[in-house]
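The structure under discussion appears below in the form of structure tokens.
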Amino acid sequence: PLGNESVRLLRLSEQGRTVYHQGDLFLWITDLANPLDIYEHLEGLHRIVQAGIRVDGNDIDLTFNCGVDSAHQRPIASRIANAEQAAHEDELVQHNLGIEADVKWEISLLGALDRAIDNGEVWVCYQPKYDLASRTIRGAEALIRWTHPERGAIPPDQFIRIAEQHHRIERITQFVLDDAARTAASIRRSGRDFAVSVNISAQLLRFSGLPDMILEATEAHGLPPCGLVLEITETDRLDRSSATFAMLQRLVEMGFRLSIDDFGTGNATIDYLRYLPAEEVKIDRSFVQGIEASTADRRLVRSIIDMAHSLDRKVVAEGVETPTVLGILRDMGCDEAQGYQISRPIRAEELRALLGLEEVTRYG
Ligand code: C2E
Ligand code: CA
Ligand code: CA
């Protein structure tokens, strides 16, 4: 009965497959050609099986190793042996998949990322947002960090894209939202007006559970919705009839604030200003960094600021690296600045210290 139950579970992942079973070995042949698809399947299976099974009213824990062989031209017996060996060697191994180095890296990255979140290798830092008129810090952007024990810091640009492609972005965002809500709530409790910004992948805007996920984080830490800004980047289709638009509308109705990130890049930029119920526009750092040297960039940034203001949007410049750029932006009437000139992304405790909320240990 244990075998039958296991076969039923294995079939869940790929309907209509014949699963061969002998001893503690299960075997099937898949049509899936893409290694990443195979990986996703095995991972799904892993989760199902890990939850244990119930046979004749008894709960049974299972351990489950997978091996894959993809040498189609080789004799079947040797392929089975190969896959079996792969299964014995590691928890979830792709053997002989003939995959390229970068795909291999993505696969190992995905597995490592799940563990990294559990292990505390993944953490959140905060980059202050500086209000140019009042010369105070009124908010910060939450940015994810991954400090790998062997590889060191892995840049978010590298793993966010892979996470987005393989349905891991939800978990990452949940993690960031929780940390961000906790940090913002604690700062606000000391009486300061403060909002934290969190990056929301375009892909997540199609996930119907997003509003509840956000609400869960803010409510857990007692952060009012106005203390959270959601930074949105390009999505494929955005007009009043799209599901994405309805989602954004809903989030705004719940009291959360929207910001259009990387403004000026991509192709939907003007459309965004027209449709999005966003109160803030963030000018992409590629334009901001150019305003010192290039007249064209200066004109462009000035017109973005004027256009946004004429539509009652607040403007944030990102990537401000020099005092000169900061000065130019102030003269242009830009509302907020973010960048190395003000502060690099820092840990939550450092942010609290910067805001004068924490005892700072002084040396000498
Ligand atoms: P972004 O949203 O445009 O974030 C700003 C990036 O600019 C950050 O890079 C920040 O460290 C960097 N930066 C800040 N000030 C300066 C400056 O003065 N000069 C320069 N050259 N760079 C500056 P980071 O942290 O590597 O993040 C890269 C991207 O990864 C982010 O771009 C964002 O798109 C994505 N990302 C980061 N955290 C998350 C997250 O929690 N969720 C999602 N979905 N995406 C995230
Ligand atoms: Ca951002
Ligand atoms: Ca940005």
Side-chain angles (χ1 to χ4, degrees), residues 113 116-117 121-130 137 139-147 152-184 195-207 210 213-214 217 228-235 257-266 269 272 278 280-292 301 304 314-326 328-329 334 336-348 350-351:
L113 183 57
I117 296 176
E121 290 166 31
V122 171
W123 53 283
V124 180
C125 66
Y126 295 88
Q127 187 172 37
K129 287 171 73 190
Y130 180 70
I137 290 162
E141 177 177 3
L143 293 161
I144 193 149
R145 292 292 175 264
W146 181 2
T147 315
I154 303 177
D157 287 330
Q158 262 188 38
F159 64 89
I160 291 286
R161 181 187 55 83
I162 298 170
E164 282 172 353
Q165 286 166 357
H166 300 282
H167 321 293
R168 294 300 197 290
I169 197 68
E170 201 182 305
R171 176 137 191 251
I172 290 177
T173 306
Q174 202 166 20
F175 179 80
V176 175
L177 278 168
D178 183 68
D179 202 281
R182 181 187 314 112
T183 301
V196 70
S197 303
V198 171
N199 292 287
I200 303 292
S201 294
Q203 196 196 60
L204 268 185
L205 298 175
R206 292 190 287 268
F207 165 53
L210 181 67
M213 188 169 112
I214 297 172
L228 182 66
V229 179
L230 306 170
E231 294 195 2
I232 313 292
T233 45
E234 62 168 295
T235 69
R257 296 152 66 181
L258 295 188
S259 169
I260 306 174
D261 202 358
D262 303 334
F263 191 78
T265 64
T269 48
Y272 266 58
E280 176 185 287
V281 170
K282 276 185 115 167
I283 308 178
D284 190 70
R285 58 179 177 273
S286 58
F287 301 109
V288 173
Q289 282 163 354
I291 64 176
E292 208 172 328
V301 168
I304 293 175
K314 198 175 76 184
V315 183
V316 182
E318 61 172 33
V320 178
E321 292 183 353
T322 69
T324 313
V325 169
L326 192 65
I328 297 172
L329 289 166
C334 182
E336 286 186 14
Q338 191 183 334
Y340 298 165
Q341 171 61 25
I342 293 114
S343 166
R344 295 204 167 236
I346 50 181
R347 290 191 178 263
E350 293 174 293
L351 175 66

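All ligand and atom numbering here is 1-based and tracks the order in the structure.
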Give me the residue, atom name and distance of the protein heavy atom closest to atom 30 (O) of ligand 1.
D157 OD1, 3.5 Å
Between T322 and E292, does any side-chain donor sit less than 3.5 Å from a side-chain acceptor?
yes
Are the charged groups of K282 and E231 less than 4.0 angstrom apart, N to O?
yes
Atoms of ligand 1 close to P345 [distance to a heavy atom under 4.0 angstrom, numbered from 1]:
11 (O)
Heteroatom distance test (E164, ligand 1): nitrogen or oxygen, under 3.5 angstrom
no
Contact summary for F175 and V122, nearest pair of heavy atoms
CZ-O, 3.2 Å
To the nearest 10 degrees, calculate the angle at the Ca ion (ligand 2) involving OD1 of N199 and OD2 of D261.
90°
As a check for students: among L177, V198, L143, identify the option with a heavy atom nearest to atom 37 (C) of ligand 1.
L143
The Ca ion (ligand 2) -> E231, closest N, O or S atom is OE1
Hey, is atom 44 (N) of ligand 1 under 4.0 Å from any protein heavy atom?
yes
Heavy-atom nearest option to atom 27 (O) of ligand 1, drawn from S197, P156, A153, G319:
P156
Counting only heavy atoms closer than 4.0 Å, does ligand 1 sit against the backbone of Q341, its side chain, both, or neither?
neither
What N, O or S atom of E318 is found closest to the Ca ion (ligand 3)?
OE1
Measure the distance from atom 15 (N) of ligand 1 to every protein heavy atom, then report the residue, atom name and distance (to 0.1 Å) of the closest one.
Q127 NE2, 2.9 Å
Could you name the option among E231, Q338, E321 that has the heavy atom nearest to atom 20 (C) of ligand 1?
E321
CD1 on I283 to OG1 on T265, rounded to 0.5 Å:
12.0 Å
Any donor-acceptor pair under 3.5 Å from Y340 side chain to P345 backbone
no
Closest non-hydrogen atoms of V301 and I291, given as atom of the first, atom of the second and distance, are CG2-CG2, 3.5 Å
Rounded to the nearest 0.5 Å, how far apart are CD1 of I169 and CD1 of I162?
11.0 Å
As an exercise, identify every atom of ligand 1 less than 4.0 angstrom from a heavy atom of E318.
3 (O)
Would a 4.0 Å cut-off, counted as strictly less than, catch a protein heavy atom around atom 34 (O) of ligand 1?
no
What are the two closest non-hydrogen atoms of F263 and I260, and how far apart are they?
CD1-CG2, 3.9 Å
Ignoring hydrogens, just give me the one of Y340, W146, F175 whose non-hydrogen atom is nearest atom 13 (N) of ligand 1.
Y340
Of D179, I160, N199, I117, which meets side chain to side chain contact (heavy atoms under 4.5 Å, CB included) against I144?
I160
Does Q158 reach the main-chain N or O of P155 with its side chain, forming a donor-acceptor pair under 3.5 Å?
no
Decide yes or no on salt bridge (Lys or Arg N to Asp or Glu O under 4.0 Å) for K314 and E336, but give the supporting numbers first.
CA-CA 8 Å; K314 198 175 76 184; E336 286 186 14; 3.3 Å; yes
Taking 4.0 Å as the limit for heavy-atom contacts, which would you say applies to V124 with ligand 1: side chain only, backbone only, both, or neither?
neither
May I ask whether P155 places a heavy atom under 4.0 Å from ligand 1?
no
Of all N, O or S atoms in D262, which has the smallest distance to the Ca ion (ligand 3)?
OD1
May I ask you to identify, for Q289, whether its side chain, its backbone, both or neither come under 4.0 Å of ligand 1 on a heavy-atom basis?
side chain
S201 heavy atoms within 4.0 Å reach ligand 1 at atoms 44 (N)
Pick, from N199, V288, D284, the option with the minimum heavy-atom distance to atom 42 (N) of ligand 1.
N199
Identify the protein heavy atom lying closest to atom 38 (N) of ligand 1, giving its residue, its atom name and the separation to 0.1 Å.
I144 N, 3.2 Å
Assess the side chains of S201 and E164: does a donor N or O sit below 3.5 Å from an acceptor N or O?
yes
Does a salt bridge link E141 with K129, judged by any charged N lying under 4.0 Å from a carboxylate O?
no
For atom 9 (O) of ligand 1, decide whether some protein heavy-atom distance is shorter than 4.0 Å.
no
For D262, counting its heavy atoms only, list the atoms of ligand 1 lying under 4.0 Å from any of them.
3 (O)
Could you list which atoms of ligand 1 come closer than 4.0 Å to a heavy atom of D261?
2 (O)
Ligand 1 atoms in contact with E141 (distance to a heavy atom under 4.0 Å):
2 (O), 4 (O)
Residues D178 and R182 bridged, charged N to O under 4.0 Å
yes
Would you give the length of the straight line joining atom CD of Q338 to atom CD1 of I137, rounded to the nearest 0.5 angstrom?
11.0 Å
For V176, which part has a heavy atom under 4.0 Å from ligand 1: side chain, backbone, both, or neither?
side chain
Would you call E321 and R344 a salt bridge, taking side-chain N to carboxylate O under 4.0 Å as the test?
no
Heavy-atom pair with the smallest gap, counting every atom of V124 and A142:
CG1-CB, 3.8 Å
Hey, looking at atom 5 (C) of ligand 1, which of R344, R285, K282 has the closest heavy atom?
R285
The Ca ion (ligand 2) has as its nearest N, O or S atom from E141 the atom OE2
